Amino acid sequence: MNCIKCGREIPEGELFCEVCAMPSAAPVKEAPEPKREKKPKKQRVKKPVSRKTVRRLRTALVISILLTLAVCALAAYGFRLYVERTEELRIREASVTLREKEADNRDRQITELKQELSEAEQTIRSLEEDLKRAQAEADATPKE
Ligand SMILES: [Zn+2]
């Protein structure tokens with residue numbers, strides 16, 4: 001092929017002229033692709049669907065419906081289990097809280113009783129002191 005500008009020969013496969021750097025005309029000629037797109041692909045003749053295919057499709061549909069139902073049933077069962085377990089845990093937690101509250105109450109009662117006991121001990125001690133003092137006074141007073 002020759003250069004369209006300077007007329008010198010361009011080796012095949014070269015995109016530009018070696019002398020004047022003019023692009024070779026080759027790539028322009030290699031573009032007949034748009035014609036291919038004009039062929040409509042949808043004109044293929046529709047094959048009649050065989051009964052075998054219909055039967056196979058129907059079986060696949062039934063199987064997929066059954067699978068969906070099975071998955072739904074499993075999900076429902078799992079959800080119920082989850083709810084039941086959650087309820088159980090909540091009840092257990094509540095009873096634990098109740099027991100803790102009871103224990104707290106008992107602790108408070110014990111503390112109160114201890115306080116009362118120490119108060120009573122103090123009273124006893126002061127009463128004992130009073131008694132000793134009274135005895136001492138009785139001893140000190142001369143007997144008639
Ligand atoms: Zn050239």
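Just so you know, these numbers come straight off a predicted model, no measurement behind them.
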Got a sec, which residues hit salt bridge (charged side-chain N to carboxylate O under 4.0 Å, His left out) with [X], two or more places apart in sequence or on another chain?
X: Glu87; answer: Arg90
X: Arg133; answer: Asp130
X: Arg99; answer: none

Can you measure from [atom1] ([X]) to [atom2] ([Y]) and round to the nearest 0.5 angstrom?
X: Cys17; Y: Arg8; atom1: SG; atom2: CZ; result: 8.0 Å
X: Gln115; Y: Thr111; atom1: CD; atom2: OG1; result: 8.0 Å
X: Glu116; Y: Glu121; atom1: CD; atom2: CD; result: 12.5 Å
X: Glu12; Y: Met1; atom1: CD; atom2: CE; result: 6.5 Å
X: Leu117; Y: Ile124; atom1: CG; atom2: CD1; result: 8.0 Å
X: Glu93; Y: Glu100; atom1: CD; atom2: CD; result: 10.0 Å

* Do you know which two heavy atoms are closest between Ser24 and Glu14, and how far apart they sit? ->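 Distance-wise, the nearest heavy atoms are OG-O, 3.1 Å.
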* Asked: Closest heavy-atom contact between Met22 and Ile4?
  ->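 Looking at all heavy atoms of both residues, the shortest contact is CE-CD1, 3.8 Å.
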* Asked: Under a 4.5 Å side-chain heavy-atom rule over Ile, Leu, Val, Met, Phe, Trp and Tyr, are Leu61 and Leu69 clustered together?
  ->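 Linked within one cluster.
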* Asked: Has Glu102 got more than 12 heavy atoms of other residues, nucleotides or ligands less than 6.0 Å from its CD?
  ->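 More than 12 within 6.0 Å, yes.
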* Which other residues end up in the same hydrophobic cluster as Tyr77, if Ile, Leu, Val, Met, Phe, Trp and Tyr are linked when side-chain heavy atoms come under 4.5 Å apart? ->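 The other cluster members (ILVMFWY side chains, heavy atoms under 4.5 Å, direct or chained) are Leu81.
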* To do: Kindly write out the residues that satisfy side-chain hydrogen bond (donor to acceptor under 3.5 Å, both in side chains) with Glu88, not counting sequence neighbours, or none if the list is empty.
  =>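 Scan of Glu88 (side-chain hydrogen bond (donor to acceptor under 3.5 Å, both in side chains), adjacent residues dropped) gives Arg92.
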* **Ser50: side-chain hydrogen bond (donor to acceptor under 3.5 Å, both in side chains) partners, not counting sequence neighbours** =>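 Applying side-chain hydrogen bond (donor to acceptor under 3.5 Å, both in side chains) to Ser50 gives Thr53.
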* Report the C-alpha distance between Arg108 and Asn105 in whole Å, list the side-chain angles of each, state the deciding distance to 0.1 Å, and finish with yes or no for side-chain contact (heavy atoms from CB on, under 4.5 Å). => CA-CA 5 Å; Arg108 215 174 300 144; Asn105 274 344; 3.5 Å; yes
